Amino acid sequence: MISIFNVVLCAVLAVLFWTCIGFALGRRIFPQALALPLAPTLGWAVQNALALPMFFLLRFSQTNIAVIAILATSISLAAIWRDAAREQTTTLPWWAYATAAMLALAPTLAILPKSTLGDGVALAGPMFDHAKLAMIDDMARMGLPPGNPFFGESGDRLPYYYLWYFGAAQFTRGLGISAWEADAAMTWFSAFASLTLLMGLATWFAGRAAAAFWIGLLALGGSLRFPLWLLLGTERVNELLLPATGLAGWLFQASWVPQHLMAAACAVVAIFLIGQLECDLKQGAAFGHRRVLPAAVLVLVVVAAFESSTWIGGITLAAATPVAGLVRLAQLAPERRLAFIGTCAMTAALAALVAFPFLHDQWIATSVRQSGFPIGIEPYEVLGPLFPASMRRILDVPAFWLVLLVIEFPALVIAGAIALARSVQAESDQQHSGMAAIFAALTLASLVVTWLVTSRLGEHNDLGWRAVLPAIFVLMVFAAVGLARWIARRAYVAAGAALLGLVLALPDGIKLIATNATGHPAPSAHAFAQAPELWAAVRAHTAPGERVANNPLYLADVTPWPVNISWALLANRRSCFAGRELTLAYVPLPDARREEINAKFIRVFAGQGSAEDVRDLAQTFHCRVVVLTPSDGAWRNDPFPASPLFHLVDMKADRWRIYRAD
């Protein structure tokens, strides 16, 4: 089902490849102490932002992928070799990288299948969100621009931010591994890259390697809800506060949405690069590489953030960069401000130009949905039904800042905010205090977007859940800085308060790791273990570009929330309708039309479909192959033999029937 060897091979190659590119660039842009810690994130962002448009022009083949990878690696190694004589300094010790590599296994556990009693296979809850890895298979199989693997009626355009999946597809196509294996490896890489970034920044700001250790512990922290549930009971807590959502810390987000995690890492690097633009201007370079290179890299990093997450790169970073730019502008000497403004304007224009295809697709998808503007202004809902409805919306405003943030991020918010404020006010080190002020701007913008801006696409406030990530990254950095400084200076009251928040946060993180490792027990675990054979039979009767139809509810109980998971992980074919959940975010359909189609497919596979419904599968939704299983109602009341449009091409007793459209 999945090869651990392939996952490890892909993860190792990803680290070596993108770190090599990032280190070659970072040595010329960042302080030398940060060149290596930031290299994985920087290399990933630059390479993918450049490679994607290149493969729109070139064939996305194994040979071309290998040639471009070899060229990029060779150029990077040559640049590193040429600068070998440059003084090397680092504040991040080797054990920090080893710790990051080990901690990155915690979210990766959620992506791996788990054996159960009776030869079954269980999956962890985050696999619900990883069902979108079908995009990796589609790009690796069909090339670029990517098609839409989730739905057949609206054409093949994929209106989604898919850069993270493109990065994984390069390894799927280049190494010949499965999309599931590449997704697991990329989940590990994203966790590792974000941790080395945070460890490097914390160590740089604190001037102490101990800050990297505290980043590792803070990353494992969770919410106060778990201790509160144990103390007060779940029902009582849910009366005081609305139930837990996706607003969570590093470990949860790394397990569920590594693409947003990488976008947040890119946002942090982009903000740091704004500070580096100022440094290069101070050095008085006219128009040499010391001004051009940081600006060019900033363009690519911003593009990578947007093309990996519209919520972070398109909304949060767009709100944060003007504020951060104004902070940096105020720090500049008057004679340098005009040049700084010009450089920032040029980078913003170039980033918008490079990302225009994604911007265009998002706009078209929004208009097709007919659901109005995709974002709105509404304070984040916090308080539960214990509070009167007439007062709740008013009380939610202070409760977000004074209650929710403290409960969801007990190890970060107070300690991180205090240490960040102290760093901004520090007069002994202007470089660090100036950069801390820029990060304070990012934090404030991120939290304000989370607080006030809401997404209207789908049924959840995905924007708020993900927009908080840049703030969480910065608060993690400065909470670690504060702990390292307070302990070294024997400020035991401050250190003790910060450690108390960390101790209260760890039980929820440990609980999450345990659920990632054990998975979600389901009655269909045994059937899921046999699903690879079924989908291999389907592929034998389906051309690479053809679409298949299966019951959208098939094996839906394998994940805690229903999704067509076996198709997404194992089919390696496009679906003509992958199900309600997988078309909600990735297909621009009006809500009423999506519900109508969902009802039609469920009706057909329940054995209650009409001849017209069956004809629609073939003619309207372009279903070239249909697969039935004994769990489908249509297995006993099969409508396909009576249709002149389909004929039986494969059957295995008590396992499957495969029909093909004439």
Side-chain angles (χ1 to χ4, degrees), residues 1-2 7 106-137 149-151 160 165 168 178-184 186-187 243-246 248 251-260 458-460 462 465 511-532 534-535 548 550-573 575 577-587 594 598 601-602 605 627 629 631-632:
M1 187 170 285
I2 186 172
V7 173
T108 309
L109 287 173
I111 318 304
L112 304 178
K114 291 88 179 163
S115 298
T116 65
L117 295 176
D119 298 326
V121 172
L123 300 177
M127 285 308 296
F128 170 85
D129 230 30
H130 285 260
K132 63 186 75 169
L133 65 81
M135 291 185 283
I136 301 174
D137 263 331
F150 305 109
F151 187 51
Y160 191 70
Y165 301 94
S178 73
W180 192 354
E181 291 162 345
D183 183 86
M186 283 297 299
T187 299
T245 60
L251 181 58
F252 181 94
Q253 307 258 23
S255 303
W256 280 81
V257 286
Q259 73 277 21
H260 293 287
E459 301 172 339
H460 308 290
D462 284 347
W465 298 351
K511 173 177 169 284
L512 179 57
I513 294 173
T515 57
N516 282 353
T518 57
H520 168 71
S524 298
H526 180 68
F528 183 75
Q530 296 180 322
L534 163 67
W535 289 111
V548 303
N550 76 306
N551 189 343
L553 302 179
Y554 178 55
L555 304 182
D557 64 343
V558 173
T559 50
W561 301 270
V563 70
N564 195 355
I565 194 68
S566 75
W567 165 81
L569 300 182
L570 303 168
N572 196 13
R573 288 296 185 270
S575 174
F577 181 74
R580 181 180 182 276
E581 294 299 328
L582 287 172
T583 53
L584 192 63
Y586 316 120
V587 179
R594 181 180 58 253
N598 185 57
F601 272 77
I602 290 176
F605 284 93
V627 54
T629 67
S631 64
D632 302 326

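Computed from a prediction, not measured in an experiment: that's the story for all the values here. Here, residue 1 is the first one in the sequence, and each next residue gets the next number.
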OH (Tyr165) and OH (Tyr160) are apart, to the nearest 0.5 Å, by 5.0 Å
CG/Asp129 to OG/Ser255 distance, rounded to the nearest 0.5 angstrom? 11.0 Å
Taking all non-hydrogen atoms of both residues into account, name the closest pair between Ala131 and Ala568 and its distance. O-CB, 3.2 Å
Where Asn564 and Pro552 come nearest, the two heavy atoms and their spacing: CB-O, 3.7 Å
Parallel, tilted or perpendicular: which fits the ring planes of Phe577 and Phe151, with parallel below 30° and perpendicular above 60°? perpendicular
Is any side-chain heavy atom of Thr245 closer than 4.5 Å to one of Trp465? yes
From His520 NE2 over to Lys114 NZ, what is the distance, rounded to the nearest 0.5 angstrom? 12.0 Å
Can you check side chain to side chain contact (heavy atoms under 4.5 Å, CB included) on Ile111 and Met127, steps first, answer last? CA-CA 6 Å; Ile111 318 304; Met127 285 308 296; 3.9 Å; yes
If you take all heavy atoms of Pro523 and Asp557, which pair is closest and at what distance? CD-OD2, 3.0 Å
Run the numbers on Lys132 and Tyr586 for side chain to side chain contact (heavy atoms under 4.5 Å, CB included), then give the verdict. CA-CA 9 Å; Lys132 63 186 75 169; Tyr586 316 120; 2.6 Å; yes
Quick check on the 6.0 Å ring-centre criterion: do Trp535 and Trp180 meet it? no
Atom pair OG1/CG of Thr583 and Asn598 - distance to nearest 0.5 Å: 7.0 Å
Between the CG atom in Asp632 and the CD1 atom in Ile602, the distance rounded to the nearest 0.5 Å is 11.5 Å
Over all atoms of both residues, closest heavy-atom pair of Leu251 and Ala106: CD1-CB, 3.8 Å
Please tell me if the side chains of Leu584 and Arg594 come closer than 4.5 Å, counting only heavy atoms from C-beta onward. yes
Measuring from Glu181:CD to Leu133:CG, what's the distance to the nearest 0.5 Å? 11.0 Å
Are Val548 and Val627 packed together at the side-chain level, in the sense that at least one heavy-atom pair is separated by less than 4.5 angstrom? no
May I ask you to test the Pro126-Asn516 pair for a side-chain heavy-atom distance under 4.5 Å? yes
Is there a side-chain contact between Phe528 and Ile565 (heavy atoms, below 4.5 Å)? yes
State, to 0.1 Å, how close His130 and Leu569 come at their nearest heavy-atom pair, and which atoms those are. O-CD2, 4.4 Å
Could you pull out the closest heavy-atom pair between Trp567 and Pro149, with the gap in Å? CZ2-O, 3.2 Å
Are any of the side-chain heavy atoms of Asn551 and Thr629 separated by less than 4.5 Å? no
